[in-house]
Amino acid sequence: MTQLRVSDPPLFPNRPPLPNGTSVYQNLSTDHYPWTEVNSDLQARQVQGFSGVVDLWQGPRWARYVALPGQPLVGYTTGGQEVSWDAGLQAMPRAQVTVAALPAEQCQLLWNLRGVADAPGRVPWPAGRAQLQAARFTGVLAAGPRVSLWQAGAPVAGEAPAAGDDPVAFMVPVVENRDDILAFWQEVYGRAAQQVPMADLWPLAANTLMNTYPALDPFGMEIVWQGGALNVDPDVTIPELREALAAALQFVLSRGAVRISDLPIGHLRDRAEWAHLEPQPAGRAE
């Protein structure tokens, strides 16, 4: 890992707060509890299989580290830049230290937030709950002392905002991986083909929708359902691909008298792409 100097941001924009009740110790001053003892404590915890988050800060300097069983500490600072443990100690010899215990999957979620934008988005509450569900929000929602971790549009830990709060949302960046997106649509269309006569309905969908979605034009052969599979030209952009395939799927299911909510796709409903297809419930306000 590159030895980086911990930067000096005026705030901690890339370091979302942690849920209450997770701290092992909080705001511990290394003026009173020396680094040698902090290191010994963390090493002992890791030997015992500890997973969690270690926050360091001194004035405007900060770094966040993730601890996972059997793995060395990995950390980051402003801008999502990785920073080693030794570099953090050198840059903050009189740091405040907070150690929080969290399950490994929640540590991974927090690590994935290292590259979030400097200005997290605001979500009005409780109206914003439906927006988070529809977007399959994954990240941290913070409203003062009420902090919750979310996965695929549902809270998995912490305390939800109260009515009237105006929380900020730290969202895990969505990686536009073309192969992953194509695999998603191949599987969805494969499931749909088990419910409707796709070979008969695809040409009708393509001819009906091609003026709105040129990639569906059967003469262009950019997006085609053929031989029981989708064939997609590599020049079709991800936004074009997503919009055209969503529209075509809704068309063939409608003509096949199958409700999109009844399509047997299992775990695929947890994918962000599905949020553009299936209407989401408004959810219960908390």
Q: Kindly give the heavy-atom pair with the smallest separation between Gly88 and Val83, and that separation in Å.
A: N-CG2, 4.2 Å
Q: Quick one: do Trp225 and Leu201 satisfy side chain to side chain contact (heavy atoms under 4.5 Å, CB included)? Show the steps, please.
A: CA-CA 10 Å; Trp225 174 265; Leu201 292 175; over 6 Å; no
(Q) For Arg122 versus Asp166, what's the shortest heavy-atom pair and its separation? (A) NH1-O, 2.9 Å
Q.
Within this structure, what is the CG-CZ distance for the pair Leu113 and Phe170, rounded to the nearest 0.5 Å?
A. 8.5 Å
Q) Are the side chains of Thr98 and Ser23 in touch, meaning some heavy atoms are under 4.5 Å apart? A) yes
**Q.** Audit row: Asp86, Gln90, side-chain hydrogen bond (donor to acceptor under 3.5 Å, both in side chains) steps and yes/no
**A.** CA-CA 6 Å; Asp86 288 342; Gln90 291 169 10; 5.7 Å; no
(Q) Is there a path of hydrophobic side-chain contacts, each under 4.5 Å between heavy atoms of I/L/V/M/F/W/Y residues, joining Tyr213 to Met210? (A) no
Q: Identify whether NZ of Lys or CZ of Arg in Arg15 sits under 6.0 Å from the centre of the six-membered ring of Trp57 and within 45° of that ring's axis.
A: yes
Q. Taking the side chain as C-beta and beyond, is there a heavy-atom pair between Pro16 and Arg64 under 4.5 Å?
A. yes
Q: Please name all residues satisfying side-chain hydrogen bond (donor to acceptor under 3.5 Å, both in side chains) with Glu240, sequence neighbours left out, ordered by chain then number.
A: Thr237
Q: Determine, step by step, whether Tyr76 and Trp62 satisfy the ring-ring contact (aromatic ring centres under 6.0 Å, His included) criterion, reporting the C-alpha distance in whole Å, the side-chain angles of both residues, the deciding distance to 0.1 Å, and the verdict.
A: CA-CA 9 Å; Tyr76 72 90; Trp62 67 273; 5.7 Å; yes
Q. What are the two closest non-hydrogen atoms of Gln46 and Ala67, and how far apart are they?
A. NE2-CB, 4.3 Å
Q) Rounded to the nearest 0.5 Å, what separation is found between the CG atom of Leu182 and the CG atom of Asn231? A) 10.5 Å
Q | Closest non-hydrogen atom pair between Ala205 and Val252, with its separation | A | CB-CG1, 3.9 Å
(Q) For a quick test of reading the model, state the closest non-hydrogen atom pair linking Asp233 to Arg178 and the distance between them. (A) O-NH2, 3.2 Å
Q. Taking Asp165 for the side chain and Pro167 for the main chain, is one N or O donor matched with an acceptor at less than 3.5 Å?
A. no
Q: Take Tyr65 and Val53, measure what side chain to side chain contact (heavy atoms under 4.5 Å, CB included) needs, and give me the verdict at the end.
A: CA-CA 6 Å; Tyr65 296 86; Val53 170; over 6 Å; no
Q.
Using only atom types and a distance under 3.5 Å, with no angle test, would you say the side chain of Ser29 pairs donor to acceptor with the backbone of Asp31?
A. yes
Q) Is Trp150 reachable from Met171 through a run of hydrophobic residues whose side-chain heavy atoms are each under 4.5 Å from the next? A) yes
Q: For Trp85 and Asn39, test the side chains for any donor-to-acceptor distance below 3.5 angstrom and give the result as yes or no.
A: yes
**Q.** Spacing of CG belonging to Leu209 relative to CG belonging to Leu204, to within rounding of 0.5 Å
**A.** 8.5 Å
(Q) Using a 3.5 Å distance criterion without hydrogens, assess whether the side chain of Ser148 forms a donor-acceptor pair with backbone atoms of Gly158. (A) no
**Q.** Non-hydrogen side-chain atoms of Gln195 and Pro264 separated by less than 4.5 Å
**A.** yes
Q: Kindly indicate whether the side chain of Ser51, heavy atoms from C-beta on, has any atom under 4.5 Å from the side chain of Leu102.
A: no
Q) Are any non-hydrogen side-chain atoms of Glu159 and Leu141 less than 4.5 angstrom apart? A) no
Q.
Same cluster or not: Val258 versus Trp185, using hydrophobic residues (I, L, V, M, F, W, Y) connected whenever any side-chain heavy atoms lie under 4.5 Å apart?
A. yes
Q) Just wondering, do Leu18 and Leu110 contact through their side chains at under 4.5 Å, heavy atoms? A) yes
Q.
With rounding to the nearest 0.5 angstrom, report the OG1 to CD distance, Thr22 to Gln106.
A. 9.0 Å
Q) If two hydrophobic side chains count as joined below 4.5 Å and joins carry through other members, does Met221 share a cluster with Val236? A) no
Q: Please lay out, stage by stage, how Asn211 and Asp217 fare under the test side chain to side chain contact (heavy atoms under 4.5 Å, CB included).
A: CA-CA 8 Å; Asn211 290 333; Asp217 187 335; over 6 Å; no
**Q.** Residue among Arg45, Glu37, Gln43 satisfying side-chain contact (heavy atoms from CB on, under 4.5 Å) with Asp41
**A.** Arg45
Q: Verify side chain to side chain contact (heavy atoms under 4.5 Å, CB included) between Phe137 and Val123, making sure each step is shown before the conclusion.
A: CA-CA 12 Å; Phe137 170 69; Val123 181; over 6 Å; no
Q.
Let me confirm one number: the OH-CH2 distance from Tyr189 to Trp202, rounded to the nearest 0.5 Å.
A. 4.5 Å
**Q.** Main-chain N/O of Leu230 paired to Gln186 side chain as donor or acceptor, under 3.5 Å
**A.** yes
Q.
For the CD atom of Gln96 and the CG atom of Asp55, what is their distance to the nearest 0.5 Å?
A. 12.0 Å
Q: Say whether Leu216 and Val224 are linked into one hydrophobic cluster, either directly or through other cluster members, by side-chain heavy-atom distances under 4.5 angstrom.
A: no
Q.
When you compare the side chain of Leu73 with that of Val66, does any pair of heavy atoms fall below 4.5 Å?
A. no
Q: Check Ala192 against Leu249 and note the closest heavy-atom contact, atom names and distance.
A: CB-CD1, 3.8 Å
Q.
Main chain of Tyr33, side chain of Thr30: is a donor-acceptor contact present, judged purely on distance under 3.5 Å?
A. no
Q | Residue that, paired with Leu245, satisfies side-chain contact (heavy atoms from CB on, under 4.5 Å) out of Val188, Ile223, Ile181 | A | Ile223
